[in-house]
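Notes follow the structure.
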Amino acid sequence: MTEDRKNPTVPGAPGSAAEGRDVPELELEDVSWEIDNQGQPEAKADEVDMAPEVEADQPEPQDEAPAAARPAAAPQPQPQPQAQARPAARLVQESYVDPNADYSAEWGWRTKSSGFQAFVFSLHGNKLLFSPRGVEPIDEVGGIGRYFKYLTDYADSPGMGILTLNTESKYAEVLARKQLEEAGELSAEGILHVFSKRKLEGGQISVFYEILPRDRYVGMSETYAGYPQGFVILDTVSLLYGLLKHHGRGAHVLALHIPGAIIMVAGKNGDVYLSRRYTLVGDDGDALVEGIFALEQDVAALEKNLGQRISHINWIEGLTGTLNLPRPDVEIPLVPYPVHRLQHGGETVWSALPEAMQAAPMAAILGPKEERLLRPLELAEKYVWAAMLAVALVAFVGYSYVATAKGEVMQRLASMQSANNALDSQLASRAGSLAFQDVTAAAQTASDIRTAALAPPLGEMWNYLSSLRPDYMRVDGLEFTYQPDGVAVRLEGQVEMDISTAQHGFVKFVSSLESQGFTIQSKQIDLGLEGNYYSLNALWPLKKKGD
């Protein structure tokens, strides 16, 4: 699946020539048009793509990688067409791209001026920070100083695909790894990431996967380990997968255009049926037209496979220096995501990535795994603090009211006692009945709220624990409990070491927690051939906040 890709040096180029990826048969699932005609010669595909006219009723050759897989060599002389032209064949003609045409009006771009959460986009080895201020290149992410999303494009990865396996769901990932290794697609330089598993008829399992380059992904994980604010990692494929699930029921197609490529993910009801990467060769409008034409051919074939009409293709413009992009007159319309107008190096650029990144759910992230649990909790944290603040205000107002009322009552009692000593006993009994018994409870509530306010937030506690946890200590369960004397932490998981060394590694981890201020309340480790399982209860005292 590895192929040569041209990396444009100018992000924001209007488009470039399209070339589809050569995808093996096992990548596609239930797409008969790609596997039934593998034996047909390559010249058939060229005839369809380069002939200005084709017979209207003649079936179109359908190879595994349609128009996008053609080599860049000059076309050979073609036989004379015999019938009227098919409209889609005009898409690859040079005369289509008109430098004087107003293609921006044909696309119907929608622009947005609202703010968005900053994120980083790593493209062709360059890191770009997207924020409402604009797009600016950065060397490292350490200076951002806040939580963000990290988007990257693995243009040099072996790619993504779909496998159909005869196995149970729990064994699907193991069997997929084995088949990819035997096919030579997965090696020590790659990491297999399985996005989804879907049951098919006959006890089969459909697996949608991507092979990530190990060196880049591990390097990004190391950057995360040294960044206390935390971030989540996505790539262009996982972003489209998350947006596909976000669109919900029905058949949907999402295509992301970035400098040098078009990435497409298509499916139904959130399940992936087809994925492609079309490498663009060239920086002219003809290259983009060919890429869109190849995309449209694949989607049209997918319609036949699904037996369902696809209303449109969701087009996400990654980064372009102009909105005057050529748009082919395809049968399946392209509907672009709203774009933001930004400044990059003193020039105006447009991008729909801010809109796509905000819409992508947490299911789209590649990692780290702990951020899937931590980030939703941190989003809910502000509402918890708002509720606690409201309770504190109510308690304070109630306490103030009680104190004021009590003072007024005592003054009235003193006045009445001085006026009439005969009513002294009655006034004394009334004074006893006017004692507000809920003053103590209100004061205790305010004290509990102040104690909770001293406790560190969830994100800070998790990042601190992550910095202390060695790689061999896997965390399967995590629980925080806020108590008056501190934050109780319960950890459960496995010690991923040999049985002979697991006890020593666990004791070393416990000692490191104690040296950093944690009080170990209980600890247990069970060593066995099936795994070394441990549980640990520790307390983080409030007096340690700020260390």
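Basis for what follows: all heavy atoms, side chains included, without hydrogens, waters or symmetry-related copies.
Between the side chains of R341 and S113, no donor-acceptor pair is found at a separation under 3.5 Å. Checked by atom type, the side-chain pair Q308/K268 shows a donor-acceptor distance below 3.5 Å. S238 and D235 form a side-chain donor-acceptor contact under 3.5 Å, judged by distance and modelled atom types alone. In the model, D298 has a side-chain atom that pairs as donor or acceptor with a side-chain atom of Y278 under 3.5 Å. H193 and E210 share no donor-acceptor pair across their side chains, judged by distance under 3.5 Å alone.
Inter-residue side-chain proximity for K149 and I233 is flagged as unmet; no heavy-atom pair is nearer than 4.5 Å. With contacts defined as side-chain heavy-atom distances shorter than 4.5 Å, the pair T236/Y154 does not qualify. Two residues are said to be in side-chain contact when any heavy atoms from C-beta on lie closer than 4.5 Å; L151 and V120 fail this criterion. Here the side chains of F208 and L163 are not in contact, with every heavy-atom distance at 4.5 Å or above. I205 is not listed as a side-chain neighbour of L200, based on a closest heavy-atom distance of 4.5 Å or more. Residues N463 and Q229 are not in side-chain contact: their nearest non-hydrogen atoms beyond the backbone lie 4.5 Å or more apart. Considering only heavy atoms from C-beta on, S351 stays 4.5 Å or farther from V135 through its side chain. Counting heavy atoms from C-beta outward, I313 and V335 have side chains that stay 4.5 Å or more apart.
A distance-only check finds a donor-acceptor pair linking the side chain of W109 to the backbone of L323 [under 3.5 Å]. Between the side chain of R214 and the main chain of E189, no donor-acceptor pair closer than 3.5 Å is present.
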V330/F293 under side-chain contact (heavy atoms from CB on, under 4.5 Å): CA gap, chis, key distance, verdict = CA-CA 7 Å; V330 291; F293 177 54; 5.8 Å; no
Going through the distances and angles, do F121 and T152 end up as a side-chain contact (heavy atoms from CB on, under 4.5 Å)?
-> CA-CA 6 Å; F121 183 27; T152 185; 5.9 Å; no
Evaluation steps, side-chain contact (heavy atoms from CB on, under 4.5 Å), between L240 and I316 | CA-CA 10 Å; L240 293 180; I316 304 172; 3.9 Å; yes
Stepwise side-chain contact (heavy atoms from CB on, under 4.5 Å) check, L186 with Q179 = CA-CA 9 Å; L186 179 62; Q179 287 197 11; over 6 Å; no
Audit row: T348, Q343, side-chain hydrogen bond (donor to acceptor under 3.5 Å, both in side chains) steps and yes/no = CA-CA 5 Å; T348 300; Q343 292 297 315; 3.1 Å; yes
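For the pair G115 and P132, the tightest heavy-atom approach, listed with the atom from each and the gap, is CA-CG, 4.2 Å. Looking at every heavy atom in both residues, G250 comes nearest to N269 through N-OD1, 2.8 Å. When all heavy atoms of N324 and S104 are compared, the pair lying nearest together is OD1-N, 3.4 Å. Closest approach of I332 to A300, counting heavy atoms only: CD1-N, 4.1 Å. Nearest heavy-atom pair, G108 versus P336, reported as atom, atom and distance to 0.1 Å: O-CG, 4.3 Å. In this structure, K197 and S169 approach most closely via the heavy-atom pair NZ-O, 3.3 Å.
Ring centers of Y227 and F148: under 6.0 Å apart, within the cut-off.
Summarising the geometry, atom CZ belonging to R177 is positioned 14.5 Å from atom CD belonging to E185; distances are rounded to the nearest 0.5 Å. With rounding to the nearest 0.5 Å, the separation of CZ in F116 from NE2 in H340 is 6.0 Å. Distance check: L366 CG to Y150 OH gives 12.5 Å after rounding to the nearest 0.5 Å. Interatomic distance, CG of L342 versus CG of L353, reported as 10.0 Å (0.5 Å rounding). The line from CG of L254 to CG of N314 is 4.5 Å long, rounded to the nearest 0.5 Å. The distance from atom CD1 of I262 to atom CD1 of I292, rounded to the nearest 0.5 Å, is 5.5 Å.
The pair E355-K112 meets the salt-bridge criterion, with a side-chain N (NZ, NE, NH1 or NH2) lying under 4.0 Å from an Asp/Glu carboxylate O. Using a cutoff of 4.0 Å between basic side-chain nitrogens and carboxylate oxygens, D156 and R216 are scored as salt-bridged. The pair D153-R277 meets the salt-bridge criterion, since a charged nitrogen lies less than 4.0 angstrom from a carboxylate oxygen. Salt bridge status for R133 with E136: present, with a side-chain N to carboxylate O gap under 4.0 Å.
Of the residues Y337, W107, W315, the one that meets the ring-ring contact (aromatic ring centres under 6.0 Å, His included) test with H257 is W315. Residue Y224 forms a ring-ring contact (aromatic ring centres under 6.0 Å, His included) with just one option from Y147, Y217, F231, and that option is F231.
For Q117, the CD atom is densely surrounded, since the number of other residues' heavy atoms within 6.0 Å is greater than 12. Within a 6.0 Å sphere centred on CD of E182, other residues, nucleotides and ligands contribute more than 12 heavy atoms. For H247, the NE2 atom sits in a packed shell: over 12 heavy atoms of surrounding residues, nucleotides or ligands are nearer than 6.0 Å.
For R474, the salt bridge (Lys or Arg N to Asp or Glu O under 4.0 Å) partners at least two apart in sequence or on another chain are D476, E496.
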